[in-house]
Amino acid sequence: MLQGIVRKVTDLGLLTRSASVDIYVNEQACQSVATSMVAIEEAGWCVRTPARHQMFGAGSPRSLHAKFIFSANSRTEACTSAWLYLGSGNLTEAGFLNSAGRNGNFEVGVFLEFPRLPWSALPGMLAVESLVPLQRNGEGQLYSEAPPATGEPMPPRPPAFVAGPLAFLQWCPCADGTGMLVPPNGSAPTPTDTIVLDAGGEPCVREGEGWLWRGTMPRQAALRWDGGHRRASVPVVDELGRVAAGEAPPLDLADMAAHLMAFPARVDDEGDGDEGEPFQGAADTGAPPPRQPDAQRQAASSPVRTMMRQLEEIAQRQTMVSESDWPFWCVRLEEVLFRAAGSKGLTEFLRLGLDPLEVLRIDASRPDYACGQGGLESAELYEAALARVAAAWGLGGLESFRGMS
């Protein structure tokens, strides 16, 4: 290894073939250098202890940890043509010689050239020996008769991490409250011996390319493959694209807008309950929603008034969403409206036979870049989200809500 480094530096023209080579090591833990002292001496090289800089004080227990290569002309007391490589690589082929990849580490290093400097100088003055822990003139030399200590052996490598056959599982809810865990769209066929374990550690029933999960959607699921010898946990992504989110609690009709006013921040579903009140301006101020007086709550209690107010606040907020955030807004909007499906307020409103989402479909309720039917990607994304919400709310065949005054 040392011969390879010296040969490489020489071939690059950075070292003369008659140069003296000194190897500076931590004499308490220099590993393979300690067992190679005879070969190093036969090559005409010297092994030395590093200089203990005065800044650390006499008897300092500090030891050498830096990995560096230093070269300079030393015919006089002045140091000329000096350069220094200082990096993270250990003295191994993977750390120093091989390119990053299968046989080489990804290491970081810097190459520095020095101005003309004296080798040594009075304290407080700049010199080579105050910058690099070198010793000259035979100082600190170690010999094969009294070799340095090898130190602790290299720690064993940890077991290699092996990725599972699937990066995550997609949740597909079923009408009976259970669901299917399926591979991501576009993924390669899953090996037949891949098993999904339920919460009790038992294999789930496999149906086609998915696994039947009995119970509410989990945040993550355990996979077992390679004949049962390998196991890993992967996150579960729900139908709204939320990763390891768990089943979202339902929302009442009057709570929808409050969960969108702070976008892109999320409202804490486990808070004190105040987030359920509709409010305006929270996105700008971060203030909690003000409580409504009892008279105002009672006046807004009818399903028509509640729905109109919620949609008005949502429309007002979404017209201010930037185009770069629009895809995320569509996901969040769909998530919040989905959670209101089956709520008491929505059920009461739907008795009127009206489609409330028509209010959100008009151009005045969305930003300019998401308007129209001209095939704009932002508009198509939005319309698709509302179509899925309409299906979840059961709005098929209902009359438009826009005609109400």
Side-chain angles (χ1 to χ4, degrees), residues 94 98-106 154-251 264 266 268-270 327-339 341-342 377 380-381 384-385 387-393:
N98 296 339
S99 299
R102 182 177 296 275
N103 298 317
N105 301 336
F106 181 78
M154 291 290 290
R157 291 181 177 272
F161 175 80
V162 178
L166 297 170
F168 62 91
L169 289 167
Q170 188 77 45
W171 174 256
C172 298
C174 300
D176 60 357
T178 61
M180 292 289 295
L181 293 173
V182 300
N185 292 332
S187 60
T190 308
T192 56
D193 66 343
T194 303
I195 296 172
V196 174
L197 304 178
D198 63 17
E202 297 297 324
C204 295
V205 176
R206 185 160 185 170
E207 295 185 1
E209 285 297 313
W211 295 265
L212 180 63
W213 184 274
R214 300 194 179 279
T216 58
M217 180 185 67
R219 296 179 183 271
Q220 62 181 11
L223 296 179
R224 196 169 65 193
W225 73 98
D226 192 17
H229 294 97
R230 297 189 183 279
R231 178 171 173 167
S233 293
V234 297
V236 174
V237 179
D238 69 7
E239 63 272 27
L240 298 174
R242 301 183 306 146
V243 180
E247 188 173 6
L251 286 179
R266 300 187 68 93
D268 185 3
D269 290 315
E270 298 179 359
F328 307 105
W329 168 265
C330 291
V331 172
R332 185 72 58 79
L333 175 66
E334 183 179 349
E335 173 195 341
V336 169
L337 298 185
F338 255 68
R339 291 169 58 186
E377 183 178 356
E380 291 180 350
L381 193 66
R388 289 188 291 269
V389 173
W393 282 13

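FYI, side chains are in, hydrogens and waters are out, and symmetry mates aren't considered; it's all heavy atoms of this structure.
Taking each heavy atom of M180 and G210 in turn, the nearest pair found is CE-C, 3.6 Å. Counting all heavy atoms, side chain and backbone alike, P165 lies closest to T194 at CG-OG1, 3.7 Å. Between D238 and M217, the shortest heavy-atom distance links the atoms CB-SD, 3.5 Å. The two atoms that bring F106 and A100 nearest to each other are CA-CB, 4.0 Å, heavy atoms only. Looking at every heavy atom in both residues, P191 comes nearest to R206 through O-NH1, 3.4 Å. Looking at every heavy atom in both residues, V234 comes nearest to A167 through CB-O, 3.7 Å.
Remark: E334 pairs with R388 by the side-chain hydrogen bond (donor to acceptor under 3.5 Å, both in side chains) rule, at least two apart or across chains. Looking at residues two or more places apart in sequence or on another chain, you find a side chain to side chain contact (heavy atoms under 4.5 Å, CB included) between P184 and L166, F168, S187. Every residue meeting the salt bridge (Lys or Arg N to Asp or Glu O under 4.0 Å) condition with D226, not counting sequence neighbours, appears here in chain and number order: R230. Partners of W213 according to the side-chain hydrogen bond (donor to acceptor under 3.5 Å, both in side chains) rule, which considers only residues two or more places apart in sequence or in another chain, do not exist here. A search for side-chain hydrogen bond (donor to acceptor under 3.5 Å, both in side chains) contacts involving N98 returns nothing, not counting sequence neighbours. Residues satisfying the side chain to side chain contact (heavy atoms under 4.5 Å, CB included) test with E202, not counting sequence neighbours, are D198. For L381, the side chain to side chain contact (heavy atoms under 4.5 Å, CB included) partners at least two apart in sequence or on another chain are P327, C330. Shown here are the side chain to side chain contact (heavy atoms under 4.5 Å, CB included) partners of P173, two or more places apart in sequence or in another chain: W171, E239.
Note that CZ of F338 and CG of L333 are 10.5 Å apart. Values are rounded to the nearest 0.5 Å.
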Using side chain to side chain contact (heavy atoms under 4.5 Å, CB included), reason through L223 and V196 one step at a time and then give a plain yes or no. CA-CA 5 Å; L223 296 179; V196 174; 3.6 Å; yes
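Residues R219 and V236 have side chains not in contact (no heavy-atom distance under 4.5 Å, counting atoms from C-beta outward). The shortest distance between side-chain heavy atoms of Q170 and V182 falls below 4.5 Å. Residues T190 and W211 have side chains in contact (heavy-atom distance under 4.5 Å, counting atoms from C-beta outward).
A donor-acceptor contact shorter than 3.5 Å links the side chain of R332 to the backbone of P264.
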